[in-house]
Amino acid sequence: QVQLVEPGGGLVQAGGSLSFSCAALGRTLTPFTLGWFPQAPGKEGEFVATINGSGTSTRYADSVKARVTISRDNAKNTVYLQMNSLKPEDTAVYYCVGGSMAYPTMRIEDYASWGQGTQVTVSS
């Protein structure tokens, strides 16, 4: 497992953009597949994006793929999420999660490491 820290998030108007980052403490992120997993009250969580350790393979949820970009900089030990054209329904706590798989999956049970989460609120 790896300890993940997430600054960022915040309040934004609908149609705006936000950038997120997630860094590792104490060890390199390179071996880990990473993803962003938003959870909103009363809703089932669903991945928005995942990326493998080398950054060569990504997966996106169909519902957001036109608006989202996940990337990573292993030299900085950080993974990033860029979300554009935000909608009120994007409001959630966004968790950075990490797993030891070689390829990105969209199954939360594959990810053993969780960041503390960052609140994103999109106002209409």
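Hydrogens, waters and symmetry mates are skipped; everything else that's a heavy atom, side chains included, is used. The model shown is predicted, which means the values in this text are computed figures rather than measured ones.
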*Report the distance from atom CH2 of Trp36 to atom CD1 of Ile70, rounding to the nearest 0.5 Å.*
7.5 Å

*Flag the pair Tyr95 / Tyr111 as yes when their ring centroid distance falls below 6.0 Å, and as no otherwise.*
no

_Can you tell me how far apart OG1 (Thr58) and NZ (Lys65) are? Round to the nearest 0.5 Å._
9.0 Å

*asked:* Does any part of the side chain of Met106, heavy atoms only, come nearer than 4.5 Å to the side chain of Thr50, both counted from C-beta?
replied: yes

_Same apolar cluster (I L V M F W Y, side chains within < 4.5 Å links), Met83/Val122_ = yes

*Check Val68 against Ala49 and note the closest heavy-atom contact, atom names and distance.*
CG1-CB, 4.2 Å

*Can you tell me how far the CD atom of Glu6 sits from the OG1 atom of Thr118, to the nearest 0.5 Å?*
6.5 Å

*Answer whether the closest heavy-atom distance between the side chains of Thr91 and Gln119 falls below 4.5 Å.*
yes

*For Lys76, does its backbone N or O pair with a side-chain atom of Thr78 as donor and acceptor, under 3.5 Å?*
yes

*Do Val64 and Phe37 belong to the same hydrophobic cluster, where Ile, Leu, Val, Met, Phe, Trp and Tyr are linked whenever their side-chain heavy atoms lie under 4.5 Å apart, directly or via other members?*
no

*Measuring from Asn77:CG to Thr30:OG1, what's the distance to the nearest 0.5 Å?*
6.5 Å

*Looking only at heavy atoms, which two atoms of Gly98 and Leu4 are closest? And how far apart?*
N-CD1, 3.7 Å

Contacts table for residues 18-27: side-chain donor-acceptor under 3.5 angstrom, sequence neighbours left out:
from  : atom 1 : to    : atom 2 : distance (Å)
Ser19 : OG     : Gln82 : OE1    : 2.4
Arg27 : NH1    : Gln1  : O      : 2.8

*Side-chain donor-acceptor pair under 3.5 Å between Asn84 and Ser17, yes or no?*
yes

*Linking I/L/V/M/F/W/Y whenever any side-chain heavy atoms sit under 4.5 Å apart, do Tyr80 and Phe32 land together?*
no

*When hydrophobic residues are tied together by side-chain contacts of less than 4.5 Å, even through go-betweens, does Met101 share a cluster with Ile108?*
yes

_Do Val120 and Pro38 have side chains that approach each other closer than 4.5 Å (heavy atoms only, starting at C-beta)?_
no

*Is Arg59 reaching over with its side chain to a backbone N or O of Thr105, donor-acceptor style, under 3.5 angstrom?*
no

*asked:* Looking at Gln13, I'd like to know if its CD atom is crowded, meaning that more than 12 non-hydrogen atoms belonging to other residues, nucleotides or ligands lie closer than 6.0 Å.
replied: no

*asked:* Same cluster or not: Phe47 versus Tyr94, using hydrophobic residues (I, L, V, M, F, W, Y) connected whenever any side-chain heavy atoms lie under 4.5 Å apart?
replied: no

*asked:* Please check this pair: side chain of Arg67 against backbone of Ser85, looking for a donor-acceptor N/O pair closer than 3.5 Å.
replied: yes

*If every non-hydrogen atom of Asn52 is compared with every non-hydrogen atom of Pro104, which pair is closest and at what distance?*
CB-CD, 3.8 Å

*Of all the heavy-atom pairs spanning Ile51 and Arg72, show the shortest one and how long it is.*
O-NH1, 3.6 Å

*Inter-residue atom distance Leu29.CG - Asn74.CG, 0.5 Å rounding*: 7.0 Å

_Between OH on residue Tyr103 and OG1 on residue Thr33, distance to nearest 0.5 Å_ = 9.0 Å

*For the residue pair Pro88 and Ser124, what are the closest heavy atoms and their distance?*
CG-CB, 3.8 Å

